[in-house]
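In what follows, a structure is listed as structure tokens, so that the remarks can point back to it.
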Amino acid sequence: MFTGLIQKIGTIRKRSDLALEIEVSDVWSDLEFGESIAINGTCLTLEKQAGGVLTFHTLAETLKRTNLGILPPGSQVNMERALRLNSPLDGHIVTGHVDAPGKVLKWVPRPGGDMELTVELPENIAMLVAEKGSIAIDGVSLTVVSVREGEFTVELIPVTREHTALGCRKVGDPVNLEADLMARYAARYLEVKSRKSSNVTMQKLFEAGFMK
């Protein structure tokens with residue numbers, strides 16, 4: 001589990017079918033082999049550390065379904081270590097399992113130095129995104145400002161743009177999206193409840209002999 005509060009910005013150094021190398025200028029001093037680190041909101045397993053270069057195991061499915069398989073070497077990525085039980089729970093609960101890819105559609109300056117970011121909203125997660133709800137974009141915990149057909153908006157304060165890789169994303173760039181975990185379970189509950197309810201009608205009960 002993660003919180004969506006980015007701890008470091010890394011740079012993609014090298015990518016292959018099975019490994020992703022991330023370079024970090026100020027690496028953590030207590031990293032352990034096998035621990036989980038979210039890279040752009042994607043939970044990966046640390047395989048090796050050589051100075052400031054971290055190597056993570058990657059599956060073909062991971063590279064296919066996230067922007068980690070698209071961003072070229074030299075691209076900046078967001079990094080967050082897994083949540084520990086004694087850590088403060090800021091942001092929101094992020095699993096590190098990307099729901100869908102999206103892309104940056106527009107940046108609009110707002111008063112006070114904020115920037116409104118419009119992101120493509122894929123149809124398969126549209127029901128999970130709501131105004132004032134939480135969403136993770138490239139692993140960054142953000143609050144949804146508005147939702148429209150095929151897109152949603154969030155606002156980034158200067159600190160978020162300066163201390164995460166989102167600040168350097170341009171229009172058309174791919175981003176990883178993870179909907180709020182609670183929304184996902186609520187949608188699943190309603191789906192199952194609706195399916196069961198629609199299959200049992202008064203007429204069917206009567207025909208089956210349960211009602212006279």
Side-chain angles (χ1 to χ4, degrees), residues 2-12 22-25 37-43 62-80 88-184 186-187:
F2 306 90
T3 67
L5 298 184
I6 303 307
Q7 298 166 335
K8 293 185 185 296
I9 298 177
T11 302
I12 296 178
I22 304 294
E23 190 168 5
V24 189
S25 59
I37 299 178
I39 309 297
N40 272 1
T42 306
C43 181
T62 301
L63 298 178
K64 176 183 176 181
R65 292 184 174 272
T66 73
N67 63 6
L68 296 181
I70 302 173
L71 294 173
S75 299
Q76 291 188 334
V77 292
N78 296 315
M79 306 180 68
E80 181 191 353
L89 184 57
D90 295 324
H92 73 282
I93 295 176
V94 178
T95 65
H97 301 154
V98 175
D99 288 311
K103 65 179 178 181
V104 175
L105 297 179
K106 184 170 36 176
W107 285 100
V108 177
R110 290 300 186 193
D114 295 349
M115 291 287 287
E116 181 184 82
L117 171 62
T118 302
V119 178
E120 176 188 28
L121 179 58
E123 185 178 353
N124 66 314
I125 66 166
M127 69 169 60
L128 306 179
V129 180
E131 291 186 8
K132 308 307 178 185
S134 297
I135 191 166
I137 304 178
D138 274 354
V140 182
S141 174
L142 294 165
T143 300
V144 177
V145 174
S146 66
V147 182
R148 296 184 290 268
E149 184 70 26
E151 63 182 37
F152 69 95
T153 65
V154 294
E155 286 203 14
L156 275 66
I157 62 175
V159 170
T160 303
R161 298 199 309 275
E162 294 168 6
H163 294 279
T164 75
L166 279 183
C168 64
R169 297 288 184 256
K170 299 179 177 60
V171 172
D173 282 353
V175 289
N176 296 327
L177 304 177
E178 182 187 330
D180 181 52
L181 183 64
M182 296 300 102
R184 189 182 304 165

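- Arg161 places a side-chain N or O within 3.5 Å of a backbone atom of Leu156 that can act as its donor or acceptor partner.
- With hydrogens and angles ignored, the 3.5 Å screen pairs no side-chain donor or acceptor of Asn78 with any backbone N or O of Ile6.
- The minimum heavy-atom distance linking Lys170 with Asp173 is given by the pair N-OD2, 2.7 Å.
- Nearest heavy-atom pair across Val98 and Arg65 is CG1-O, 4.1 Å.
- Look at Glu116 and Arg110 and you find a salt bridge, because one of the NZ, NE, NH1 or NH2 atoms lies within 4.0 Å of a carboxylate O, short of that distance.
- Here Thr143 contributes atom OG1 and Lys132 contributes atom NZ; the two are 8.0 Å apart, rounded to the nearest 0.5 Å.
- Of all heavy-atom pairs spanning Pro122 and Ala100, the tightest one is CG-CB, 3.8 Å.
- The only option from Ile135, Leu105, Ile137 that meets the side chain to side chain contact (heavy atoms under 4.5 Å, CB included) definition with Val119 turns out to be Ile137.
- Using a 4.5 Å cut-off on side-chain heavy atoms (C-beta onward), Ile22 and Ile12 make contact.
- A donor-acceptor pair under 3.5 Å links the side-chain atoms of Asn176 to the main chain of Asn67, judged by distance alone.
- Listed here is the closest heavy atom pair of Phe2 and Ala38: CE2-N, 3.5 Å.
- What you find for Gly4 and Glu80 is that their closest heavy atoms are N-OE1, 3.0 Å.
- The minimum heavy-atom distance linking Asp180 with His92 is given by the pair OD1-CD2, 3.6 Å.
- Residue Lys103 places its NZ atom among 12 or fewer non-hydrogen atoms of other residues, nucleotides or ligands, all under 6.0 Å distant.
- Side-chain contact between Leu71 and Pro174: present, with at least one pair of heavy atoms (C-beta onward) separated by less than 4.5 Å.
- Around the CG atom of Leu181, the shell of radius 6.0 Å holds more than 12 heavy atoms that belong to other residues, nucleotides or ligands.
- The CD atom of Gln76 sits 5.5 Å away from the OG1 atom of Thr11 when rounded to the nearest 0.5 Å.
- Considering Leu117, Val145, Val147 in turn, Val145 is the only one that fulfils the side chain to side chain contact (heavy atoms under 4.5 Å, CB included) rule with Thr153.
- Taking the side chain as every heavy atom from C-beta outward, Ser146 and Phe152 never approach each other to under 4.5 Å.
- Here Ile157 contributes atom CD1 and Asp114 contributes atom CG; the two are 7.0 Å apart, rounded to the nearest 0.5 Å.
- With Glu178 contributing its side chain and Thr95 its backbone, the two residues share a donor-acceptor pair below 3.5 Å.
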- Begin with the C-alpha distance, continue with both residues' side-chain angles, and end with the deciding distance and a verdict on side-chain contact (heavy atoms from CB on, under 4.5 Å) for Leu177 and Asp99. CA-CA 6 Å; Leu177 304 177; Asp99 288 311; 5.6 Å; no
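- In this structure, Asp138 contributes its side chain and Val175 its backbone to no donor-acceptor pair below 3.5 Å.
- Using modelled atom types, one side-chain atom of Trp107 and one backbone atom of Arg169 make a donor-acceptor pair closer than 3.5 Å.
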- Task: Would you sort out whether Asp90 and Thr3 count as a side-chain contact (heavy atoms from CB on, under 4.5 Å), showing the intermediate values?
- Result: CA-CA 6 Å; Asp90 295 324; Thr3 67; 5.6 Å; no
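- Checking side-chain atoms of Thr66 against main-chain N and O of Thr62 turns up a donor-acceptor pair under 3.5 Å.
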- Message: Please determine whether side-chain contact (heavy atoms from CB on, under 4.5 Å) holds for the pair Thr160 and Val140, giving the CA-CA distance in whole Å, both sets of side-chain angles, and the decisive distance to 0.1 Å.
- Response: CA-CA 9 Å; Thr160 303; Val140 182; 4.1 Å; yes
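- To the nearest 0.5 Å, atoms CD1 (Ile9) and SG (Cys168) are separated by 7.5 Å.
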- Stepwise side-chain contact (heavy atoms from CB on, under 4.5 Å) check, Met79 with Val24: CA-CA 10 Å; Met79 306 180 68; Val24 189; 3.5 Å; yes
